[in-house]
Amino acid sequence: MITIFENASVLDVEAGALLPDRHVVVENGRIREIAEAPVSASDARRIDVAGRTLMPGLVDSHVHVTAYSANFTELQRTPPSYVSAAAAAIMGGMLDRGFTTVRDVGGADFGLARAVREGLIRGPRLIYGGKALSPTGGHGDVRPAGIDAHDDAYNQPGLGCIVDGVPAVRKAARQEIRRGAHHLKIMGNGGISSPTDRISSDQFSEEEIAAVVEEAEMANLYVVVHAYTARAIKRSLKLGVRSIEHGNLADPEAIAMIKERDAFLTPTLATYRALKDEGVEAGLPAELAAKIDDVLDAGINAVEMAHRAGVPMAYGTDLLGAMHRRQLSEFSLRSGVVPAVDLVRAATINGAKLMRLEDEFGQVKPGLSADLIVVEGNPLEDIAVLTRPDTHLKLVMARGAITRSAL
Ligand SMILES: [Zn+2]
């Protein structure tokens with residue numbers, strides 16, 4: 001099956017330019033050719049893009065597709081069957097916003113990824129790491145202080161697992177690798193939605209972090225860390241972690257170190273704004289809401305510092321429950337300090353490079369997977385065109401299949 005997008009303005013994310021009047025040929029799920037003249041092929045399906053922008057599908061590098069609620073203690077008690085159904089709805093929503101790949105950093109497993117691949121669930125390509133590793137009392141420990149009992153069965157649908165000590169950490173890492181993880185996620189300091197930890201506390205000993213990094217590298221994978229504070233970022237990087245998530249409380253030294261170590265930063269401003277506005281309504285226990293202020297305002301400063309220092313940033317959102325509808329707001333929230341071209345790169349090629357999948361997606365380029373969107377307007381001039389899918393997103397093609405079209 002051949003599809004030809006005719007009269008397209010192709011967004012070249014590397015060059016940061018629109019290439020007008022191109023004809024893009026898709027065959028067997030891959031981009032075959034970007035031609036400057038009309039292409040003849042008798043049996044092709046032809047789609048007239050009429051000068052609109054054809055660009056790579058969006059990549060969200062920090063999601064939790066199983067987080068149907070902001071109340072993680074409740075999530076842990078929900079049957080996996082319900083959580084899978086909720087995740088299907090969440091992933092369908094992501095696809096309809098133009099996201100053709102998402103990286104799940106806590107919760108999603110090989111079953112969901114398989115369901116997407118086989119077409120049982122409408123959704124973006126799902127890159128997953130299984131459960132996030134957390135120490136007792138850490139960001140993945142959802143028990144209130146008065147509860148000691150804990151169900152560590154893999155089939156319970158929480159976002160994390162509780163592991164203490166090097167042997168336990170190694171075993172959990174190996175279990176996730178056995179289940180096909182693309183990366184391993186650890187909790188490096190406190191978080192908002194976990195009931196007993198403090199943002200300022202580091203999590204895991206250096207020996208434990210080094211053990212996860214070693215297990216990941218042995219499998220040619222990398223480690224992703226939940227880290228807000230400069231101290232947590234620096235110790236993670238020193239121990240070989242490659243993907244820094246959130247980073248709100250970074251200082252200039254931590255930012256410089258991300259760049260030096262060829263690591264990536266994935267800020268997630270969208271979730272703090274959302275939690276502040278409607279988190280409690282979406283299930284966040286009210287007593288945890290005060291933690292939002294510890295990181296909310298600092299987030300934009302970290303993004304600005306990182307941009308000025310030339311740190312590679314990916315697009316992340318980290319939204320929970322009903323707040324997933326704000327997935328495109330990260331563009332607007334960063335737009336005051338990051339130019340549109342770099343926002344587009346964050347949500348395309350940078351995400352692909354972070355996942356080491358730049359030969360698979362992230363650009364409109366021959367040989368890559370046909371993950372494409374058509375938008376009205378030029379995102380390089382006005383990033384807001386990406387934030388209005390109802391009016392501006394005209395077509396979504398994921399892995400060669402059109403999943404939404406108004407053309
Ligand atoms: Zn997260």
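Counting starts at 1 for both ligands and their atoms, in listed order.
In terms of modelled atom types and a separation under 3.5 Å, the side chain of Glu176 and the main chain of Lys131 share a donor-acceptor contact.
Electrostatic pairing of Arg97 and Asp60 does not count as a salt bridge here, judged by no charged N lying under 4.0 Å from a carboxylate O.
Ring geometry for Tyr128 against His182 counts as perpendicular: the plane angle is over 60°, on a 0 to 90° scale with 30° as the lower cut.
Around atom CD of Glu36, no more than 12 heavy atoms belonging to other residues, nucleotides or ligands sit under 6.0 Å away.
Here the protein contributes His62 NE2, His64 NE2, Asp318 OD1 as N, O or S atoms under 2.8 Å from the Zn ion (ligand 1).
Remark: of the listed residues Asn378, Val375, Leu395, Leu407, Leu407 is the sole one forming a side-chain contact (heavy atoms from CB on, under 4.5 Å) with Arg52.
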Let me have the donor-acceptor pairs involving side chains of residues 379-391, under 3.5 Å, with sequence neighbours excluded, atom names and distances please.
| residue | atom | partner | partner atom | Å |
| --- | --- | --- | --- | --- |
| Asp382 | OD1 | Ala384 | N | 3.1 |
| Thr387 | OG1 | Ala384 | O | 2.7 |
| Thr391 | OG1 | Arg388 | O | 3.4 |

